[in-house]
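So you know, we letter chains A, B, ... as the sequences are listed, proteins then strands, and number each from 1.
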2 protein chains.
Amino acid sequence: MTIGQVAKLAGVGVETIRFYEREGLLTKPKRKESGYRMFDAEVVNRIRFIKSVKELGFSLKEIRELLFLRVDSRATASEVKKRVDSKIDQIDRRIHDLKKVRNALAQLSRSVGKRPLSECPLLDVLEKSRT
Amino acid sequence: MTIGQVAKLAGVGVETIRFYEREGLLTKPKRKESGYRMFDAEVVNRIRFIKSVKELGFSLKEIRELLFLRVDSRATASEVKKRVDSKIDQIDRRIHDLKKVRNALAQLSRSVGKRPLSECPLLDVLEKSRT
DNA sequence: CTTGACTCCGTATCCCACTACCGGCTGTAC
DNA sequence: GTACAGCCGGTAGTGGGATACGGAGTCAAG
């Protein structure tokens with residue numbers, strides 16, 4: 001596939017793909033004699049993954065770490081496992097925090113219209129739930 | 001409290017507080033005759049809230065919307081409720097996506113050391129779980 | 001009443017993640 | 001074989017979110 005086809009399927013611009021390649025998020029693709037990049041379809045999923053994880057608040061640096069979690073010459077299995085588990089913890093914390101905001105919003109949704117709201121009702125709810 | 005005390009308690013720089021004030025995330029504080037800002041303690045929680053929600057992948061614009069969800073002269077109760085509920089949906093989707101990544105990492109953690117890992121093992125796991 | 005930390009505001013600068021533009025080459029459809 | 005879309009690499013510019021800097025005024029301890 002050409003870079004343009006990949007871009008269209010993954011829902012990003014051509015420039016973004018070249019940018020991700022420079023940043024080491026995508027491995028360098030093979031080239032035709034002309035210099036044109038030749039991608040195989042797998043890269044589309046990879047870019048979609050990057051896109052969706054980015055929206056969850058991870059930086060490209062963190063995403064690169066997620067992508068390349070693996071045993072290599074410089075990492076033993078137990079080291080890799082430690083890294084993976086720490087990522088899991090990080091995500092668990094994030095889920096926990098999101099749930100807190102979610103529940104505060106749910107409570108706010110219930111109280112809308114029932115009583116007058118202060119300037120920042122969400123903060124009030126969070127404040128009270130801190131018991 | 002002075003801006004410096006607030007900054008220290010909230011764990012941000014003084015400049016950041018002024019920046020948030022300019023961006024409308026904090027309401028303008030009272031001033032002494034000298035021009036010094038006088039904050040009350042509540043603002044510390046507000047800044048901490050901003051910090052933590054930012055880390056969950058929300059932009060300052062979205063956070064401002066979260067903070068000021070309330071009924072005013074231009075919004076009826078049902079409109080506010082609709083906005084709140086749509087925020088809840090958004091957060092639910094985020095939690096769902098995080099759980100997907102989390103589960104893929106958990107599976108990866110289990111398989112580390114058992115079988116050789118490909119270049120991007122996380123993507124493999126996600127790929128296979130897409131059934 | 002001086003010294004040193006703190007604050008004021010304005011402007012400039014930084015980092016990140018793109019996005020745009022350029023002149024030149026390539027591929028293909030007519 | 002020429003028009004035209006697509007690709008190349010390089011550099012510059014953008015928007016978001018801070019962070020730094022500078023010169024002047026303020027506060028509190030000694």
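We find that NZ of A:Lys54 is positioned 11 Å from C1' of C:dC16, with the value rounded to whole Å. Residue A:Glu55 contributes atom CD, which lies 14 Å from atom P of C:dA17 at whole-angstrom precision. Note: CZ (A:Arg31) to P (C:dT26) measures 13 Å, nearest angstrom. Atom-to-atom, CE of A:Met38 to P of C:dT26 comes out at 15 Å; the value is rounded to the nearest Å.
Among residues two or more places apart in sequence or in another chain, the side-chain contact (heavy atoms from CB on, under 4.5 Å) test is passed with B:Ser78 by B:Thr76. A search for salt bridge (Lys or Arg N to Asp or Glu O under 4.0 Å) contacts involving B:Glu15 returns B:Arg18, not counting sequence neighbours. In this view, B:Arg37 and B:Glu21 satisfy the salt bridge (Lys or Arg N to Asp or Glu O under 4.0 Å) rule, not counting sequence neighbours. The side-chain contact (heavy atoms from CB on, under 4.5 Å) search around B:Ser118 returns B:Pro121, B:Asp124, not counting sequence neighbours. With sequence neighbours left out, A:Asn103 forms a side-chain contact (heavy atoms from CB on, under 4.5 Å) with no residue at all. Scored by the salt bridge (Lys or Arg N to Asp or Glu O under 4.0 Å) test, B:Asp85 finds B:Lys81 as partners (sequence neighbours excluded).
The stretch residues 90-109 of chain A participates, sequence neighbours left out, in these salt bridge (Lys or Arg N to Asp or Glu O under 4.0 Å) pairs: A:Asp92-B:Arg102, A:Arg102-B:Asp92. Screening residues 43-54 of chain B for salt bridge (Lys or Arg N to Asp or Glu O under 4.0 Å), with sequence neighbours left out, gives A:Glu119-B:Arg46.
Rounded to the nearest 0.5 angstrom, B:Met1 CE and B:Ile3 CD1 are separated by 11.5 Å.
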Which side-chain N or O atoms in residues 55-66 of chain A pair as donor and acceptor under 3.5 Å with protein atoms at least two apart or in another chain?
| residue | atom | partner | partner atom | Å |
| --- | --- | --- | --- | --- |
| A:Ser59 | OG | A:Lys61 | N | 3.4 |
| A:Ser59 | OG | A:Glu62 | N | 3.2 |
| A:Glu62 | OE1 | A:Ser59 | N | 2.8 |
| A:Glu62 | OE2 | A:Gln90 | NE2 | 3.2 |
| A:Arg64 | NH1 | A:Glu23 | O | 2.4 |
| A:Glu65 | OE1 | A:Lys87 | NZ | 2.9 |

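For DNA chain D, the neighbouring residues in residues 10-22 of chain B, judged by any heavy atom under 4.0 Å, are B:Glu15, B:Thr16, B:Phe19, B:Tyr20. Within residues 57-66 of chain B, the residues having any heavy atom closer than 4.0 Å to DNA chain D are, in order of number, B:Ser59, B:Leu60.
Between A:Ser34 and A:Glu23, the one whose closest nucleotide on DNA chain C sits nearer the 5' end is A:Glu23.
For the OP1/OP2 pair of C:dC9 and a distance below 4.0 Å, the side-chain nitrogens and oxygens of B:Arg37 include at least one atom meeting the criterion.
B:Tyr36 and B:Val14 are assigned to two separate hydrophobic clusters, defined by single-linkage of ILVMFWY side chains at heavy-atom distances under 4.5 Å.
Protein chain A contacts DNA chain D over a range whose 5' and 3' limits, counting nucleotides with an atom under 4.0 angstrom from a non-hydrogen atom, are D:dG6 to D:dG9.
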